[in-house]
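Here is the structure we will look at, set down as structure tokens.
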Protein chains: 4
Amino acid sequence: MSQPRTSRADAARRTRARVLTAAREQMVLHGPDIGMDEIAGAAGLAVGTLYRHFPAKADLVAAVVAEYVERVADDAEAACERVTAGSRALDEITAFLGRVIEASARDRAVKAAAHALGADPGDKVAEDRASRAVATLLLAGQADGDIHPDVTVGDIYLLFATVPADQPAAARARWLALMLPGLTTHPRPTPRDRRHPVPGSRQGAGAKGET
Amino acid sequence: MSQPRTSRADAARRTRARVLTAAREQMVLHGPDIGMDEIAGAAGLAVGTLYRHFPAKADLVAAVVAEYVERVADDAEAACERVTAGSRALDEITAFLGRVIEASARDRAVKAAAHALGADPGDKVAEDRASRAVATLLLAGQADGDIHPDVTVGDIYLLFATVPADQPAAARARWLALMLPGLTTHPRPTPRDRRHPVPGSRQGAGAKGET
Amino acid sequence: MSQPRTSRADAARRTRARVLTAAREQMVLHGPDIGMDEIAGAAGLAVGTLYRHFPAKADLVAAVVAEYVERVADDAEAACERVTAGSRALDEITAFLGRVIEASARDRAVKAAAHALGADPGDKVAEDRASRAVATLLLAGQADGDIHPDVTVGDIYLLFATVPADQPAAARARWLALMLPGLTTHPRPTPRDRRHPVPGSRQGAGAKGET
Amino acid sequence: MSQPRTSRADAARRTRARVLTAAREQMVLHGPDIGMDEIAGAAGLAVGTLYRHFPAKADLVAAVVAEYVERVADDAEAACERVTAGSRALDEITAFLGRVIEASARDRAVKAAAHALGADPGDKVAEDRASRAVATLLLAGQADGDIHPDVTVGDIYLLFATVPADQPAAARARWLALMLPGLTTHPRPTPRDRRHPVPGSRQGAGAKGET
DNA sequence: TATGAATGAGTTTTCATTCAT
DNA sequence: CATGAATGAAAACTCATTCAT
């Protein structure tokens, strides 16, 4: 009797998911100033319906951001499990950072919108999941002697907050390479490989047309 | 004849300066989406006058950004001269980074506006001055063996572009500490020493207007 | 089910018609530079609603012009039918010209706005209807031997384009009298007869809103 | 002593003439909505100086129109004199009409501005000169039996007011051909020559790029 | 008298949000 | 519950006109 009655709760949930997907896509495509009408249209709804699910634009953006946090938490937890299964913590951390950085680049417009609207993600649960998983990863890395003992979860969040999301992929990779020595106990990878491909000297130059 | 000579040109220059100051202040206070009317009001002018000096909002923002670049160039050149006078390049670079980071934090709204409007700073001269001075500093540090040989001016700009401008001063200091190992040849301070040497923390300590 | 079916579409159509009427009236009253706010106010709407129906001022003006073209087409076709039913083509043409001239006088501001905005009427269908009907009228008149064989539809449009719309009704009537000999095969009425036969003077006599 | 003192009165007159020429040129080039700053710049003056000579834009436009009327008066009087010297009145009238029509086409933007601003030419003297000369021409033509006895000076002005100024030269020529039978006692020139070059059927179509 | 910086009301257009159907 | 028309405040920009120098 609870299963056949999918109509009410399920329909609402599905609509919500459709709106969130459309909102993220539209923001990525047309920037954070995309109008509510466009988002509604992309979700196959009327504005009124959109406002029924999210009382204000800030709420919608907050939900999109929360979804993003959820994905990060999932990713961190998966990395955790692989470490438990025997994978090297440093490798998992490095790969995890790389994935989050790329995701940030994809969703930078979302973050811009969140910031502009002062949207509060609010999803404390997902945030805690992510924090716990990242802490576990760091502890494992520190136990291995690979991660500096004073590196905290806050440091990782600080890095997430400063990803050069609007720069080309090569710049993001270089940025991660510059960051890693601050996290690890290892010296710079290989002092011999010069000439990394940071295209322009100006910030933001060449920001268009990337992956 | 001496009085009227300066009065016209000077009045225009002073008005321009007043507008730029007001624009920067208003953007810092109320975000980059501040209206032209507000800026004009803060400068004690009517909108029309503002538009006489800057034909479009993008021009005004570009001018504010150009002013910022000019200050960075001045700072970098001063550091250069101190190195020439015998100061250690690594110390000057570290202090310079700290100062630019604090300036970025103060003017973060300006940069947001510049990005949103696609404003072209245009001040290639100041940009070149800054680039040359930074290059000189890096070369000196590399000659001392303190800066990694593969670090470029582009790397420094990449860092500038990702300053956690909207974070508290302590976070910015920590962020710089995380970045430095990527630039220098020195290992992390001492694994047991919890007090990491944050160079620019002196002037960042009493910083106004943060969270 | 019968009520809601019409209500949505009908309301939109009625709003559109209300806007068009208000726009035409305001333009006739206050000139073609009338603001969108005024038009909205005259239609009992907010500006936003006006912009929902017509995305730009040029679109609104184009719609008003298209409505005018439609009326001319209707008029020409009606005259055509009367000719088919036995009415003399020359009389119908003369009366038709008189009516269009009076309509032009009423809507002169609209045409001025259309020209100023480069608005594209776009209603090719109505334009074709008008052209075909006028061509038919001319052919019938030429078959009767009343209309000069070299008169074309383009000539009629040329006259329409030069109607002295902002002159008193008497001047418009006199203007038509001066034009007619260029269209017909008949000589000027009678050199001594001071009362020249102005066809459209009946409906032009009581015309509203002129000098 | 009056000649060497050209400074005061003459300088003012020359400035005035320069402004008028610049105003006409700018209006013809950039339409009747050209700004006062542009006109001042084209005349090599500052706006303030322009406003010293013409207290309001309407006054400047009125002066430009008055200049136009003056030229028409000169033209009409010259034609008068040629008739007195033996030239055929009908020929002179026809040529005069053609010249005024072309001048109207050149200065159509001026007339548009005059109408939009409600500028009152005011130059009653030039207007009277023109009227008298035209009356003389018409009387001569009527004495010859070429011009219809009921044609008045007002008719000629009515034609001037409705010149298709924004149409191609061919359309203007055709328009004059359509008008002439209304003025003369002669039948249509040659009923045999069909196909006149009126380009588009729509009013205003093809209005760009003419002589 | 010439200058041109300053004025400020006015114009078009956008968009988050509401509410009658 | 969904719909989408209506709202109206706000933003960028223009331009005739004034006035201190």
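First the proteins, then the strands, lettered A, B, ... as listed; each starts at 1. Computed from heavy atoms alone, side chains included, the values below leave out hydrogens, waters and symmetry copies.
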Can you name the closest pair of heavy atoms from [X] and [Y] and give their distance?
X        : Y         : answer
Ala12(C) : His53(C)  : O-CE1, 3.6 Å
Tyr68(A) : Ser104(A) : OH-OG, 2.7 Å
Val19(A) : Ala43(A)  : CA-CB, 4.1 Å

Whole-Å gap separating [atom2] ([N]) and [atom1] ([X]):
X        : N       : atom1 : atom2 : result
Asp10(C) : dT21(E) : CG    : C1'   : 14 Å
Arg13(C) : dA6(F)  : CZ    : P     : 13 Å
His30(D) : dT14(F) : NE2   : P     : 16 Å
Arg18(A) : dA2(F)  : CZ    : P     : 10 Å
Leu60(B) : dC13(F) : CG    : C1'   : 14 Å
Asp33(D) : dG10(E) : CG    : C1'   : 14 Å
Phe54(B) : dA12(F) : CZ    : C1'   : 16 Å
Leu50(B) : dC15(F) : CG    : C1'   : 16 Å

query: Between Glu25(A) and Val28(A), is any pair of side-chain heavy atoms under 4.5 Å apart?
result: no
- prompt: Hey, are the side chains of Arg52(C) and Thr15(C) touching, using non-hydrogen atoms and a 4.5 Å cut-off?
  reply: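 With C-beta onward as the side chain, the pair stays apart.
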- prompt: Can you check side chain to side chain contact (heavy atoms under 4.5 Å, CB included) on Glu67(A) and Asp107(A), steps first, answer last?
  reply: CA-CA 11 Å; Glu67(A) 227 191 7; Asp107(A) 295 344; over 6 Å; no
Under 3.5 Å, which protein N or O atoms sit close to an N or O of nucleotides 17-20 of chain F? Give each pair with its distance.
unit_1	atom_1	unit_2	atom_2	d
dT17(F)	OP2	Tyr51(D)	OH	3.3
dT17(F)	OP2	Lys57(D)	N	3.0

field: Given DNA chain E, 5'-ward residue of the pair Thr15(B) and Glu38(C), judged by closest heavy atom
entry: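 That would be Thr15(B).
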task: Let me know, please, whether Gly35(C) or Leu45(B) comes out on the 5' side of the other along DNA chain E by nearest nucleotide.
output: Leu45(B)
task: Could you walk me through whether Phe54(B) and Val64(B) pass the side chain to side chain contact (heavy atoms under 4.5 Å, CB included) test, one step at a time?
output: CA-CA 11 Å; Phe54(B) 301 95; Val64(B) 173; over 6 Å; no
Sequence neighbours excluded and cut-off under 3.5 Å, please list the side-chain donor-acceptor pairs for residues 29-38 of chain A, or say none.
unit_1	atom_1	unit_2	atom_2	d
His30(A)	ND1	Gln26(A)	OE1	3.2

field: Thr21(D) and Arg24(D): CA distance, side-chain angles, deciding distance, side chain to side chain contact (heavy atoms under 4.5 Å, CB included) verdict
entry: CA-CA 5 Å; Thr21(D) 302; Arg24(D) 178 160 31 81; 4.2 Å; yes
field: Dot-bracket encoding of pairs in DNA chain E, which uses [ ] for pseudoknotted crossings and | for another strand, Watson-Crick or G-U under 3.5 angstrom
entry: .||||||||||||||||||||
task: Would you indicate, yes or no, if dA5(F) has its OP1 or OP2 atom less than 4.0 angstrom from a side-chain nitrogen or oxygen of Thr49(C)?
output: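 Answer no for this pair, as no side-chain N or O of Thr49(C) is under 4.0 Å from OP1 or OP2.
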query: Are His53(C) and dA6(F) close enough that a side-chain N or O sits under 4.0 Å from OP1 or OP2?
result: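 Indeed, a polar side-chain atom of His53(C) lies that close.
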query: Can you tell which of dT3(F), dT7(E), dG4(E) lies closest to the side chain of Ala46(D)?
result: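 In terms of side-chain proximity for Ala46(D), the closest of dT3(F), dT7(E), dG4(E) is dG4(E).
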